[in-house]
Amino acid sequence: MRGAIGLFSSSMLAINELTYAFQGTAPIFENINLRVAPGEFVSVIGPSGSGKSTLFKLITGLLAPDKGEIGINGEISGERLGKVGYMPQKDLLLPWRTVLDNVMLPLEVEGKKGNLAEIHEWFSRFGLKGYENAFPDELSGGMRQRAAFLRTIMTGKELLLLDEPFGALDAMTKRNMHTWLLGLWEDLQKTVLFITHDLEEAILLSDRIYLLGDAHVREWKVNLPRPRNSDQIYQPEFIELRKELERLIHHEN
Ligand code: ADP
Ligand code: MG
């Protein structure tokens, strides 16, 4: 037991022996364990329907586990949505609000004003300068994703749960977003749990990768030096890991 308690207290996120099934269906998770250390970048991959988004709903407490425990920052409790910055799979920007009002939403919910000069700096940082008063449908796909992401950052939480944030972007835009995100993550020192179905993205960005499938998880460490850059995708270690994961994902299918 001592070991388990130790792990809880040193982890930003700790999932212990989690089991979950939607009513009347086979379990999505059976006794899975997962850990994220402070400052880590960890990806969750797996075939479509393997339970990636469900995992996030369990972490945030939107769904309750059938069995097992979930701890955030050493604390086990049912109310977790307020402890994480959660970016759901759909960007869910409110179409009737300006980009600025969308981004300010987390502050508004907490009854905070926010420092406007600081917020304008964030807009520059996120490539959204000049679009404060635009509406979401006036933005490109990449900009909408960055706006939704900025809103997630505005929660001020250390642990960010990002569900396929770049899933809908074309390859070029995605590549630019990777470089941008790596820079941001290194600066802000956030802890990130990142869902993607793109293996290249998972390897390039992550310290570790969890593969979901058959109600279980497997874990890989990504042994590539940081700071990362997109040229690393041609390195033998990169290609080897990619092949291995590809083979496993197809096998799980
Ligand atoms: P992923 O994000 O990996 O594509 P999901 O977590 O969305 O997968 O879904 C995992 C499985 O759970 C799928 O088979 C999906 O159909 C099922 N599922 C998701 N939400 C519900 C729900 N509310 N009720 C019943 N089954 C669901
Ligand atoms: Mg999903």
Side-chain angles (χ1 to χ4, degrees), residues 13-36 41-70 72 78-81 84-93 141-142 144-149 151-152 155 159-171 173-174 177-178 181 191-206 208-220 222 241-242 244-253:
L13 171 68
I15 296 181
N16 263 5
E17 300 293 320
L18 172 73
T19 295
Y20 184 76
F22 286 105
Q23 198 131 46
T25 63
I28 308 247
F29 303 118
E30 258 178 322
N31 299 316
I32 66 163
N33 294 291
L34 191 148
R35 247 155 259 292
V36 181
F41 197 119
V42 176
S43 284
V44 175
I45 60 171
S48 178
S50 59
K52 302 182 295 294
S53 295
T54 302
L55 180 68
F56 274 16
K57 287 176 192 154
L58 286 158
I59 294 171
T60 53
L62 294 170
L63 294 172
D66 295 332
K67 195 180 140 269
E69 289 169 323
I70 299 174
I72 291 176
E79 204 299 294
R80 291 183 294 271
L81 194 53
V84 300
Y86 173 43
M87 180 171 164
Q89 192 160 6
K90 287 219 166 128
D91 75 26
L92 296 175
L93 291 175
R144 265 204 305 275
Q145 291 301 81
R146 288 198 297 270
F149 189 16
R151 185 177 57 186
T152 310
T155 60
L159 175 60
L160 305 180
L161 306 178
L162 310 176
D163 192 346
E164 303 213 28
F166 307 144
L169 304 182
D170 63 80
T173 310
K174 209 190 237 193
M177 295 285 281
H178 290 159
L181 176 60
T191 309
V192 178
L193 192 58
F194 185 94
I195 293 179
T196 176
H197 59 255
D198 180 331
L199 289 181
E200 191 174 291
E201 178 170 274
I203 300 169
L204 186 65
L205 300 177
S206 310
R208 285 185 302 118
I209 295 175
Y210 284 104
L211 169 66
L212 302 189
D214 290 336
H216 293 99
V217 295
R218 292 180 62 178
E219 181 200 347
W220 275 264
V222 181
L241 179 56
R242 186 181 171 154
E244 189 181 345
L245 291 171
E246 232 156 56
R247 191 173 48 76
L248 280 162
I249 284 197
H250 290 301
H251 176 73
E252 305 274 356
N253 266 337

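Both ligands and their constituent atoms are indexed starting at 1 by order of listing. The structure displayed is predicted, hence computed values, not measured ones. Side chains are part of it too, since the values below use all heavy atoms of this structure and drop only hydrogens, waters and symmetry mates.
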S.K.: Just to be sure I read this right, does ligand 1 sit under 4.0 Å from the backbone of I28, its side chain, both, or neither, counting only heavy atoms?
M.R.: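 The side chain, only.
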S.K.: Is any heavy atom of the protein nearer than 4.0 Å to atom 15 (C) of ligand 1?
M.R.: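 For atom 15 (C) of ligand 1 the answer is no, since every protein heavy atom stays at 4.0 Å or beyond.
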S.K.: Is there a heavy atom in G46 that sits closer than 4.0 Å to ligand 1?
M.R.: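 Heavy atoms of G46 never come under 4.0 Å of ligand 1.
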S.K.: Between E246 (side chain) and L248 (backbone), is there a donor-acceptor pair under 3.5 Å?
M.R.: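 Checking the backbone N and O of L248 against the side chain of E246, no donor-acceptor pair under 3.5 Å is found.
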S.K.: What protein heavy atom sits nearest atom 20 (N) of ligand 1, and how far away is it?
M.R.: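 Of every protein heavy atom, F22 CZ, 3.3 Å lies nearest to atom 20 (N) of ligand 1.
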S.K.: Does S48 bring an N, O or S atom to under 2.8 Å of the Mg ion (ligand 2)?
M.R.: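 No, since none of the N, O or S atoms of S48 sits under 2.8 Å from the Mg ion (ligand 2).
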S.K.: Mind checking whether K67 and N31 have side chains closer than 4.5 Å, heavy atoms only?
M.R.: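 Yes; the side chains approach each other to less than 4.5 Å.
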S.K.: Report yes if G49 has an N/O atom closer than 3.5 Å to an N/O atom of ligand 1; otherwise report no.
M.R.: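 Between G49 and ligand 1, an N or O pair is found under 3.5 Å apart.
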S.K.: Using a 3.5 Å cut-off on N or O atoms only, is S53 in polar contact with ligand 1?
M.R.: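 Looking only at distances, the answer is yes, because the N/O contact criterion of under 3.5 Å is met.
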S.K.: How about F194 and L160: do any of their side-chain heavy atoms sit closer than 4.5 Å?
M.R.: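 F194 vs L160: side chains apart.
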S.K.: Test E200 against every option in R242, K174, H178 by the side-chain hydrogen bond (donor to acceptor under 3.5 Å, both in side chains) rule and name the one that passes.
M.R.: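 Answer to the side-chain hydrogen bond (donor to acceptor under 3.5 Å, both in side chains) test with E200 among R242, K174, H178: R242.
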S.K.: Write out the residue and atom name of the closest protein heavy atom to atom 5 (P) of ligand 1, then the distance separating them to 0.1 Å.
M.R.: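 Of the protein heavy atoms, T54 OG1, 3.6 Å lies nearest.
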S.K.: Under 2.8 Å from the Mg ion (ligand 2), is there an N/O/S atom belonging to T54?
M.R.: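 For T54, the answer is no, given that no N, O or S atom comes within less than 2.8 Å of the Mg ion (ligand 2).
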S.K.: Tell me if a side-chain donor or acceptor on R80 pairs with a main-chain N or O of L58 at a distance below 3.5 Å.
M.R.: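 Yes, because the side chain of R80 sits within donor-acceptor range (under 3.5 Å) of the backbone of L58.
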S.K.: Over all heavy atoms of both residues, which pair between T196 and A202 is shortest? Give the atoms and the distance, please.
M.R.: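 Where T196 meets A202 most closely, the heavy atoms are CG2-CB, 3.8 Å.
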S.K.: Evaluate Y210 against L55 for side-chain contact (heavy atoms from CB on, under 4.5 Å), listing each step before the verdict.
M.R.: CA-CA 12 Å; Y210 284 104; L55 180 68; over 6 Å; no
S.K.: Once rounded to 10 degrees, what value does the angle at the Mg ion (ligand 2) take between OE1 (Q89) and OG (S53)?
M.R.: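 With the Mg ion (ligand 2) as the vertex, the angle is close to 80°.
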